[in-house]
Amino acid sequence: MTEQKKIYLGTNTKMYKNISQTECFLRELNQLTSDIGREKLELFVIPSFTALANARNCVPEDKILIGAQNMNWEDEGQFTGEISPLMLKEVGVNLIEIGHSERRHILKETDQEINKKVLSALNHSFKALLCIGETLEQKNFHTSNEILRIQLKIGLHGIKEEQITNLWIAYEPVWAIGVNGIPATKEYAAEKHSIIRDTLKELFGSDKGKSIPILYGGSVNLENANDLIQMPDIDGLFIGRSAWDANNFNTIIRNVIPLFYSKK
Ligand code: PGA
């Protein structure tokens, strides 16, 4: 691990928290974490679309980045129900989450569509958080590594070298996510992060590949966060349920930062 690397900690509130709940959560989180130097920490929250404008206005951008949970790749057009990059720019969104497992598996998004979204997000100078991960069936067939490589190779196809600084990856095994999820062991997570790191180096060269943050997500909680963050190639945590209470999230943040910075 290189010394100047930041730790990336964030949450996606999924289809929970309305506008006022999002504002309350963000104000509290900001108050609890404002003393933590941001040269060390990239903190981000990804609320629902209807809360985005208020979310962006209620906490400073240099403290908490605000992300959108999805985005269409076109600037405008006949796409009823979709949201364009220009619309997200207008409300001051910083980051676009792309290819979350619920979108891949419930809403049937393909790697090809995800690739168009990644390219569009980067072309509009957003940070792009590409989520990848294998299903339980793929894990049981021992095809996880191939699946992760395919998701990366298609999802990141055509990215320009200068856009890599805005690219983040989240490894979220589908079987580990949500109320019925079983968290990955730290060893399993580290093994997959290493496959992802190798693939990124293969795609973008060693230095660039090393610089891309890889976050782990899927049933991260107060108990397992400390172990996960100490593993090689885990640059951050992407947390659902355990981060939706600002106090809980703040505890995780404060626990993991020193551990991350003391890892060799
Ligand atoms: P979880 O969600 O932490 O509640 O499992 C993770 C995610 O969906 O990103």
Side-chain angles (χ1 to χ4, degrees), residues 7-17 21-22 25-26 29 42-49 51-52 55 64-71 93-109 114 117-118 121 127-136 138-139 144 147-148 151-152 155 167-186 188-190 192-193 196 213-229 231 234-253 255-256:
I7 183 171
Y8 293 75
L9 298 170
T11 184
N12 151 28
T13 63
K14 307 194 181 187
M15 204 170 71
Y16 297 101
K17 291 193 194 290
Q21 289 164 336
T22 302
F25 170 69
L26 277 166
L29 182 65
E42 198 74 87
L43 183 60
F44 62 98
V45 172
I46 310 184
S48 63
F49 282 118
L52 281 175
I64 304 182
L65 296 179
I66 298 294
Q69 296 177 14
N70 181 34
M71 184 190 84
V93 160
N94 313 103
L95 167 93
I96 315 292
E97 175 182 6
I98 300 165
H100 185 275
S101 82
E102 287 148 20
R103 299 208 58 87
R104 287 178 186 265
H105 299 289
I106 304 170
L107 295 150
K108 307 293 176 210
E109 278 188 13
I114 286 164
K117 293 180 184 193
V118 168
K127 295 182 192 310
L129 173 58
L130 171 65
C131 303
I132 59 171
E134 79 282 8
T135 63
L136 185 59
Q138 291 161 340
K139 178 174 182 266
S144 306
I147 295 296
L148 295 176
Q151 291 177 343
L152 287 170
L167 175 66
W168 306 356
I169 307 293
Y171 169 57
E172 300 201 291
V174 181
W175 46 271
I177 292 177
V179 277
N180 299 316
I182 304 152
T185 62
K186 60 181 183 182
Y188 187 91
K192 297 306 167 218
H193 277 241
I196 294 167
I214 311 173
L215 290 68
Y216 171 80
S219 294
V220 173
N221 57 39
L222 259 172
E223 283 71 52
N224 61 20
N226 293 359
D227 282 344
L228 286 161
I229 204 63
M231 299 310 279
I234 298 191
D235 304 308
L237 301 170
F238 191 24
I239 313 170
R241 290 155 295 150
S242 297
W244 296 342
D245 171 86
N247 268 305
N248 215 41
F249 193 14
N250 177 50
T251 306
I252 295 178
I253 293 167
N255 287 349
V256 297

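We count ligands from 1, going down the list as the structure has it; atoms in each ligand are counted the same way. Every value quoted in this text rests on a predicted model; they were computed, and no experiment measured them. These numbers come from the heavy atoms of this one structure, side chains and all, not from hydrogens, waters or symmetry mates.
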>> Quick check on contacts: which atoms of ligand 1 are under 4.0 angstrom from a heavy atom of Lys14?
In response: 2 (O), 7 (C), 8 (O)
> Got the closest protein heavy atom to atom 3 (O) of ligand 1, with its distance?
Replying inline: Gly240 N, 2.9 Å
>> Tell me whether Asn12 has any N or O atom under 3.5 angstrom from an N or O of ligand 1.
In response: no
> When rounded to the nearest 0.5 angstrom, what is the spacing between CD1 in Ile182 and CG in Leu136?
Replying inline: 7.0 Å
> So between Ser242, Pro183, Gly178, whose heavy atom ends up nearest atom 5 (O) of ligand 1?
Replying inline: Gly178
> Should you measure from each heavy atom of Ser219, which atoms of ligand 1 turn up under 4.0 Å away?
Replying inline: 1 (P), 3 (O), 5 (O)
>> With heavy-atom distances below 4.0 Å as the criterion, list the atoms of ligand 1 near Ile177.
In response: 5 (O), 8 (O)
>> Ignoring hydrogens and geometry beyond distance, is a side-chain donor-acceptor pair present between Arg241 and Thr11 at under 3.5 Å?
In response: no
>> What's the separation between atom CD1 in Ile64 and atom CG in Leu26, rounded to the nearest 0.5 Å?
In response: 5.5 Å
> For ligand 1, which atoms, with element, lie under 4.0 Å from some heavy atom of His100?
Replying inline: 7 (C), 8 (O), 9 (O)
>> Suppose we measure from atom 9 (O) of ligand 1 to each protein heavy atom; which comes out shortest, and what is that distance?
In response: Glu172 OE2, 2.6 Å
>> Check contact between Gly181 and ligand 1, using heavy atoms of the residue and a distance below 4.0 angstrom.
In response: no
> Can you check whether Ile229 reaches Tyr216 side chain to side chain, under 4.5 Å on heavy atoms?
Replying inline: no
Mind listing the side-chain donor-acceptor pairs of residues 169-181 below 3.5 Å, one per line with the distance, residues two or more places apart or on another chain?
from: Tyr171; atom 1: OH; to: Glu134; atom 2: OE1; distance (Å): 2.9
from: Tyr171; atom 1: OH; to: Glu134; atom 2: OE2; distance (Å): 3.1
from: Trp175; atom 1: NE1; to: Glu134; atom 2: OE2; distance (Å): 3.1

>> As a quick check of understanding, evaluate ring-ring contact (aromatic ring centres under 6.0 Å, His included) for Trp168 and Phe238, giving each step before the final call.
In response: CA-CA 11 Å; Trp168 306 356; Phe238 191 24; 9.1 Å; no
>> For atom 4 (O) of ligand 1, what's the nearest protein heavy-atom neighbour? Residue, atom name and distance, please.
In response: Arg241 NE, 2.6 Å
> What residue among Leu228, Leu215, Ile253 forms side chain to side chain contact (heavy atoms under 4.5 Å, CB included) with Leu237?
Replying inline: Leu228
